[in-house]
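Presented below is the structure to which this report refers.
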Amino acid sequence: MKHMLGRSFLIAALATTVACNLPLFAAAGEAGTLVVAQPADAYSMDPAKHSAFPTANILFQIYDGLITMDEKGELVAGLATSWSNPDPLTWRFKLREGVKFHNGEPFNAEAVKFTFDRALDPNFKAPYYSRISAIKSVEIVDEYTVDLKTEKPFPTMLLSLYEASFPALIVPPKYTQEKNGEALGSAPVGTGPYKFVKWLKDEEVVLEANPDYWGGTPKIDRVVFRPIKETRTRIAELKSGGADIAVDIPPEDVSSLQADGTKIETVASDFLYFLAFDTTRDTPLKDKRVRQAINYAVNVDAIQEALLNGMGNRIALTLPSNGFAYNPDWKPYPYDPAKAKELLAEAGYPDGFSIPLMTRKGRFLKDSEIVEATAGFLRKVGIKAEIQYLEPGVWGQISEKKGREGITFPGWSGRDPNLVWLPLLKTGQYQSYFSNAELDKLLDEGAATIDPAERKAIYEKAAAIIKDEAPHLPMIQPPLIYGLNAKLNWKPRTDSMIDLRKASFD
Amino acid sequence: MAVVFGVSLAVFFLIRIGGDPSALFLPPEASMEEIARFRHLMGFDRPLVVQYFDFVSRAVQGDFGMSLRYEQPAMQLVLERVPATLQLSGMALALALAISIPLAILAAAWRGSIVDRVSLLISLIGQSFPAFWLAIMLILLFSETLHMLPASGKGGWQNLIMPAIVLATYSTAIITRLLRSSMIEVLQSDYIRTARGKGVSEGRIIFKHALRNAAIPTLTVIGLQVGALLGGAVITEEVFAYPGIGRLAIQAIANRDFTVVQAFVLVMAVTIVTVNLLVDLSYGLLDPRLRKGR
């Protein structure tokens, strides 16, 4: 008590001294400046040279892709205005005419070819190479038409060309080739709504509105991105007016912030929380009834309510609700511990069993809490899940040896069954610990079909197998939670990319 | 030099125990072939010993490699951030000395008085408060509630106040405690009693005779505190989003950005070795007996 008194006296004394001497520091939101506080700084200003979302958030204001995502989550025209498939191995794009890069270079077919040729060159070492590696060549048809050629039919091409596919953002050929490509990494030039002004490393990136933007002049004059790792500090900046958008607000802070007049925007992300079962080793998980029992045993709705404030989206299968071929009629297994016990007894485990549960800690929002709650539900039906927290590097090493044993909480994202079910469930895939010949056949068909209606029918059949075989326990699309200046109008996106093209202050 | 070399060797191998960063760099859906391909491109598939000799042979020529994350030389990244950290640690050290020296002198001179008790209290609190907790409390009070100081960043001198206080707290406590006890010890020694007997004024006794002798052990601790301040800056910079080397180091470790971690550790090792050398040399300035002894 005595200590505390001494301390508060000291602080009060200091406070008075400081208060008498300080001018009020500049607040955000004034004079059309928007400050975004996110956990990390940019790594590079070259869109093909990084692999981090905070960097992508900054670069997406500077650059555009051929395709973009609208407010409803649909993939729509960006720098390309229309597209078609003259044959299953060709995607033909008509390009927007009259668009110029910030330095005056014209945007045309040559820029598109240059962008992909550069990022696809193995010596360039683009970290997100795999997102665009299906493109085998880019052919210029005329000044405003390009053909993207693939070796196999590539139905998810549009997802490989929109902004979350980092190296697909279009760069200016002349400027990029100057100074051996190093100019782009520090002083970027794109076609986007904001022009680069300055980058003080670990401090701020400053951008200003591009009045000639092809999508209309942005309503906010200046944008500043500030890297603030510590959550409490980001919240303090938001509350004290030092930031207009604070990224990654913890769910437990939402109600107190709202009570203080802060605006909260939240959306269920494209990300997927689920448990994956290793069916390649000889454990009880090999038995379908055991996997179904686990699906019945865990009350995912209660976990979502208690740990995520009910935010996010409960999923029936490992596919986000905005994913291709998603069907709202799909229903998850209901919470039914009695049924779970029955199935376990049927499978020969009336007293349950022990099994490792491998995961990482602090990688995703509330991951360890969710895993622990899940283990609690499993214990109630007799399954002793032994939780092992692995350091990310170790997790990577184990994964490379296909060593994920028992139950895992891996996390995944993807808006098409071809990007989720194929890598996670097809026999022999790096991330797959499951095998079903019939499903393999359907997934291969889906991957080789371009026609959307045909693909939907294929994936509907695949969904029925996945539901019955239960290789996963599908859980939640976790929420993305942002704190906003009450005067700011801005909506978050499911892919976590920040788009300021439509943002405005009241 | 041997210390710096040993440190570089230890760091090189320790940081690689947890595996290489290839998987962390690539998107999660990257296949095993893609990870292997990237690993080969980056040279991480070579034997560790080969990689180490490659590192050393380049390092002696001043080339510490490119950062894996940033498209920049690793040493340049670290050195760019040194001024910010020096500014912060310098201010913290100045603050610590400005509080601890007068406090310790007063406490020793009036042993058992209120001043002495306050000094003990500050030492106790300062040593026991974790830096990150104190930092968050200050942010809550001065930024969120009172709106007086910016919570983060490096704009003007206002941005330095809270981080410097946090960083100075521990050092203030240690230096106060040590200087107070050395002063008390010296004040009880025979030559001080003799001086008092000869009628030398109390002020002259404290500042001319006692402080000078009590300063030597204290100086050793201050030297050690420079290391502690630089180390403490890692947490403080992270909480206050202050663009110094500590924050860079945390990110580099999380990202397995080997070259940056190596450059950071080397810079820290060289700094600490240099400060210790300066402290050793300064003993001679304070105490002529030590000078003659050499």
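Just so it is clear, the structure is predicted and the values come from calculations on it, not from any experiment. Every chain is numbered from 1, with letters handed out A, B, ... down the list of sequences.
Although no hydrogens or angles enter the test, the distance criterion places a donor-acceptor pair under 3.5 Å between the side chain of A:Thr233 and the main chain of B:Val239. Side-chain atoms of A:Glu237 come within 3.5 Å of backbone atoms of B:Ser152 as a donor-acceptor pair (strictly under, hydrogens ignored).
Across all their heavy atoms, A:Ser133 and B:Glu34 have their closest contact at OG-OE2, 4.0 Å. Of all heavy-atom pairs spanning A:Ala236 and B:Ala151, the tightest one is CB-CB, 3.9 Å. In this structure, B:Arg81 and A:Asp202 approach most closely via the heavy-atom pair NE-OD2, 3.0 Å.
Looking at B:Met137, neither its backbone nor its side chain comes within 4.5 Å of chain A, counting heavy atoms on both sides. Residue contact with chain A, scored on non-hydrogen atoms closer than 4.5 Å, involves the backbone and the side chain of B:Tyr70 alike. If you measure heavy-atom distances from A:Lys201 to chain B, the contacts under 4.5 Å come from both the backbone and the side chain. Contact of A:Trp395 with chain B is not made at all, since no heavy-atom distance falls under 4.5 Å. Only the side chain of B:Ile35 comes within contact range of chain A, judged by heavy atoms closer than 4.5 Å. Proximity to chain B (any heavy atom under 4.5 Å) is restricted, for A:Arg226, to the side chain, taken from C-beta onward. Heavy atoms of A:Gln397 lying under 4.5 Å from chain B belong exclusively to its side chain. Heavy atoms closer than 4.5 Å to chain A are found in both the backbone and the side chain of B:Leu26. Heavy atoms closer than 4.5 Å to chain A are found nowhere in B:Glu33, neither backbone nor side chain. With a threshold of 4.5 angstrom between heavy atoms, A:Ala42 approaches chain B through N, CA, C or O but not through any side-chain atom. Within the 4.5 angstrom heavy-atom criterion, no atom of A:Ser186 approaches chain B. With a 4.5 Å cut-off on non-hydrogen atoms, A:Pro227 touches chain B through its backbone and its side chain both. The parts of A:Pro122 that come within reach of chain B are both its backbone and its side chain, each placing non-hydrogen atoms under 4.5 angstrom from that chain.
Each of A:Gln431, A:Met45, A:Glu400, A:Lys402 has some count of heavy-atom pairs under 4.5 Å with chain B, and the biggest count is that of A:Glu400. Heavy-atom pairs under 4.5 Å with chain A peak, among B:Glu238, B:Arg37, B:Gln72, at B:Arg37.
Counted within 6.0 Å of NZ on A:Lys239, heavy atoms from surrounding residues, nucleotides or ligands total more than 12; the atom is thus considered enclosed. The 12-atom threshold is exceeded at CZ of A:Arg404, counting heavy atoms of other residues, nucleotides or ligands nearer than 6.0 Å. Residue B:Arg58 places its CZ atom among 12 or fewer non-hydrogen atoms of other residues, nucleotides or ligands, all under 6.0 Å distant. Heavy atoms from other residues, nucleotides or ligands lying under 6.0 Å from CZ of B:Phe132 number 12 at most.
Applying the ring-ring contact (aromatic ring centres under 6.0 Å, His included) test to A:Tyr128 and every residue at least two apart in sequence or in another chain returns A:Phe166.
Remark: B:Glu144 CD to A:Ile235 CD1 distance equals 7.0 Å, nearest 0.5 Å. Here B:Glu237 contributes atom CD and A:Glu230 contributes atom CD; the two are 14.0 Å apart, rounded to the nearest 0.5 Å. Rounded to the nearest 0.5 angstrom, A:Thr231 OG1 and B:Ile136 CD1 are separated by 9.0 Å. Considering CG of A:Leu200 and CD of B:Glu80, their distance stands at 10.5 Å, rounded to 0.5 Å.
Heavy-atom neighbours of chain A within the stretch residues 251-265 of chain B, taken at a separation under 4.5 angstrom, comprise B:Gln251, B:Asn255, B:Arg256.
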Begin with the C-alpha distance, continue with both residues' side-chain angles, and end with the deciding distance and a verdict on side chain to side chain contact (heavy atoms under 4.5 Å, CB included) for A:Arg232 and B:Ile139.
CA-CA 8 Å; A:Arg232 301 258 50 104; B:Ile139 289 176; over 6 Å; no

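Here the side chains of A:Ser51 and B:Arg69 are in contact, with some heavy-atom distance below 4.5 Å.
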